[in-house]
J.: 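Take this structure first; my questions come after.
Residue numbers run from 1 in the order of the sequence given. Computation of the quantities below employed the complete heavy-atom set of this structure, encompassing side-chain atoms and omitting hydrogens, waters and symmetry-equivalent molecules.
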Amino acid sequence: MESPLRAARVATYVYFVLYGTLLGTWVVHIPAIEERVGISHATLGGLLVVLGLGAFVGMQVAGPLTDRLGTRTVVPVGGVLCGATLFLPGLAHDPWTLAAALLVFGLCNGCLDVSMNAHAVHVEKAYGRPVMSGFHATFSVGGVLAALAGAGAASAGLHPAVAMAAVGAVGVVIALASARALLPAAPAPSAAPTQESPGPTKKTGTSPVGEHDRATRRVWVLAVLALMVMLCEGAANDWSALHLKDVMGASAGTAAFAYGTFAAAMTVGRLLADRFATRFGSLAILRHGAALAAVGITLVTVSPWMWAVFAGWALFGLGLSGSVPQLFSAAGHADPSAAGANVSRVAGLGYVGMLAGPAVIGWLTHVVALSHAFVLLILLCVTTAVGAGVLRTTPDRVLRREMADSSH
């Protein structure tokens, strides 16, 4: 593999770690900022929606811009903006200024998120084999770095704005320094046949407009699947520990390991998913992964044994781990000329699911017990497994042939 491509892959890893670090730095400082601003948990929850709204808008703006200007331009700009605005929530002194800071920071986050995923699609295309899951795994590494930096800042007694500004400044430098290694443009479209069966003839002609409409419809199906998968992920993030504490009667310390088990399984799964996708295909990763997640959350829902509940959360995380990268990758490859816009649609709707997951489960607990509310997650996983057939389409088969040819 040529050195420039290896450099581009490393740079993509760097941006994913950077994004995880910057976002994680905000997360670890939430308690201090909440106390400084003097708001309740309920008010904070509403303000987090503002952050999500900003990210969603940023994704929709950055997608078309990425296709027009190129990832080599938009990715570093997104990284610089994220780093430069990280300190703003630390300066907030009331709910209104915090809302404004989170809106701006969210916009910049959405820009970096979509553009770096679009670049990851280009790198995957150039490599000729699945590499997307590995990029998503390194996002978790950034969260670990943020936790370590946050602990150090807290022990040193640093003001949140100072600590966040320091991390942001380092992030700006890293974003600028890594920019030159990015691919200058998307790889040229392959000359591989675009019909379902290899060969030079087609039974029916398809206009470019028809192909575009078909690709657009397919991307929206991928986006709905992303919404369901990320809703499950968001629910696990906020309700796994509470389930162990309130339903299983575990101590607060033991309950915290429920989320830790889920997150660790997610990370391990993403580190392994590319190898399995290369061998078995993205359809198998999504379908069998969603089915495994359904088994895991069913175990959580019905089991009376603590060890089985931990095993269930592990299976849930392992099953979901490779799903989002496959969906993002499929969206980017659906129409290489609009990779940024397509990724923004899938990522944007998926992000809505991530934000909605905790709230939906919370609303259901007003009607049924928490364990019964998890039945929704089972249904979503089963629906995703059934809907995974959307990956069994011409663009994916062509890509698989290209990947297979490049490995010889």
J.: So, Thr66 side chain and Ala62 main chain: donor-acceptor pair closer than 3.5 Å or not?
T.: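 Checked: pair present.
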J.: When rounded to the nearest 0.5 angstrom, what is the spacing between CD1 in Ile297 and CG in Leu379?
T.: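 Answer rounded to 0.5 Å: 11.5 Å.
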J.: What's the spacing between Leu51 CG and Leu23 CG if we round to 0.5 Å?
T.: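 Here the rounded value is 7.0 Å.
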J.: How far apart are the closest heavy atoms of Ala153 and Ala163, and which atoms are they?
T.: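 Here Ala153 and Ala163 meet closest at CB-CB, 3.6 Å.
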J.: Distance from His136 atom NE2 to Asn117 atom CG, nearest 0.5 Å?
T.: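 It comes to 4.0 Å.
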J.: With side chain to side chain donor-acceptor pair (under 3.5 Å) as the rule and sequence neighbours excluded, what pairs involving residues 86-95 come up?
T.: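 As it turns out, the side chain to side chain donor-acceptor pair (under 3.5 Å) pairs with a partner in residues 86-95, which skip direct neighbours, are Asp94-Thr97.
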J.: Do you know the tightest heavy-atom contact between Ala137 and Arg270?
T.: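 Heavy-atom minimum between the residues: CB-CB, 3.7 Å.
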J.: Any non-hydrogen side-chain atom of Phe280 less than 4.5 Å from a side-chain atom of Ile285?
T.: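 Result no, sub-4.5 Å side-chain heavy-atom pair not found.
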J.: Can you name the closest pair of heavy atoms from Leu380 and Cys232 and give their distance?
T.: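 For Leu380 versus Cys232, the nearest heavy atoms are CB-SG, 3.9 Å.
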J.: Show your reasoning for whether side-chain contact (heavy atoms from CB on, under 4.5 Å) applies to Val343 and Val219.
T.: CA-CA 8 Å; Val343 170; Val219 166; over 6 Å; no
J.: Go through the steps to decide whether Leu370 and Ile361 satisfy the test side-chain contact (heavy atoms from CB on, under 4.5 Å), and finish with yes or no.
T.: CA-CA 8 Å; Leu370 179 56; Ile361 296 298; 3.8 Å; yes
J.: Is any side-chain heavy atom of Pro95 closer than 4.5 Å to one of Val37?
T.: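 Side chain of Val37 against side chain of Pro95, heavy atoms only: contact under 4.5 Å found.
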J.: side-chain contact (heavy atoms from CB on, under 4.5 Å) with Ile33: which of Ile39, Leu98, Leu91?
T.: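 That would be Leu98; it is the only one of Ile39, Leu98, Leu91 passing the side-chain contact (heavy atoms from CB on, under 4.5 Å) with Ile33.
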J.: Any idea how Phe139 and Tyr19 line up, ring-wise: parallel (<30°), tilted (30 to 60°), or perpendicular (>60°)?
T.: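 Phe139 vs Tyr19 ring planes: tilted.
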J.: Would you say the side chain of Leu182 lies within less than 4.5 Å of the side chain of Pro76, judging by non-hydrogen atoms?
T.: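 They are in side-chain contact.
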J.: Quick one: are Leu88 and Phe105 in side-chain contact, heavy atoms under 4.5 Å?
T.: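 They are not in contact (no side-chain heavy atoms under 4.5 Å apart), so the answer is no.
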J.: Going from SG on Cys381 to CG on Leu320, what distance comes out if it is rounded to the nearest 0.5 angstrom?
T.: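 Going from the SG atom of Cys381 to the CG atom of Leu320 covers 5.5 Å.
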J.: Between Leu102 and Leu47, which heavy-atom pair has the shortest distance, and what is it?
T.: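 Minimum heavy-atom contact is CD1-O, 3.6 Å.
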J.: Any non-hydrogen side-chain atom of Thr21 less than 4.5 Å from a side-chain atom of Val167?
T.: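 Yes, close enough: below the 4.5 Å cut-off.
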J.: So which heavy atom on Ser115 is nearest to which on Val74, and how close?
T.: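 Nearest pair, atom of Ser115 first, then Val74: CB-CG1, 3.6 Å.
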J.: Side-chain contact test, heavy atoms from C-beta onward, threshold under 4.5 Å: evaluate it for Trp26 versus Leu86 and give yes or no.
T.: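 Yes, their side chains come closer than 4.5 Å.
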J.: So, does Asn109 use its side chain to make a donor-acceptor pair with the main chain of Ala55 at under 3.5 Å?
T.: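 Answer holds: no.
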J.: Using side-chain heavy atoms (C-beta onward) and a distance below 4.5 Å, is His29 in contact with Pro89?
T.: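 Counting from C-beta outward, His29 and Pro89 never come under 4.5 Å.
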J.: Rounded to the nearest 0.5 Å, what's the gap from CZ on Phe310 to CG on Leu299? Could you check?
T.: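 Reported to 0.5 Å precision, the distance equals 12.5 Å.
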J.: Consider side-chain contact (heavy atoms from CB on, under 4.5 Å). Of Arg72, His119, Arg9, which one does Leu183 pass it with?
T.: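 For Leu183, the side-chain contact (heavy atoms from CB on, under 4.5 Å) check succeeds only for His119.
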J.: Compute the centroid of each ring, for Phe135 and then for Phe16, and state whether the two points are separated by less than 6.0 Å.
T.: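 Ring centres of Phe16 and Phe135 closer than 6.0 Å.
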J.: For the NE2 atom on His159, are there more than 12 heavy atoms of other groups (residues, nucleotides or ligands in this structure) within a distance under 6.0 Å?
T.: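 It does: His159 NE2 has more than 12 such atoms within range.
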J.: Taking all non-hydrogen atoms of both residues, which atom of Gln60 and which atom of Pro64 are closest, and how far apart?
T.: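 Taking every non-hydrogen atom into account, O-CD, 3.0 Å.
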J.: Leu81 and Leu112: side-chain contact (heavy atoms from CB on, under 4.5 Å), yes or no, with the steps?
T.: CA-CA 8 Å; Leu81 290 176; Leu112 178 57; over 6 Å; no
J.: Checking side-chain polar atoms at under 3.5 Å, does His333 have a donor or acceptor matched by the opposite partner on Asn342?
T.: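 Judged by distance alone, the side chains do not pair up.
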J.: Can you confirm whether Val121 sits close enough to Met132 that some side-chain heavy atom of one is under 4.5 Å from a side-chain heavy atom of the other?
T.: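 Heavy-atom side-chain distance check passes, below 4.5 Å.
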J.: When you look at Leu292 and Phe316, which way does the side-chain contact (heavy atoms from CB on, under 4.5 Å) test go after all the steps?
T.: CA-CA 7 Å; Leu292 181 63; Phe316 193 52; over 6 Å; no
J.: Got a second to check how far Leu283's CG is from Gln326's CD, nearest 0.5 Å?
T.: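 One finds 10.0 Å between CG of Leu283 and CD of Gln326.
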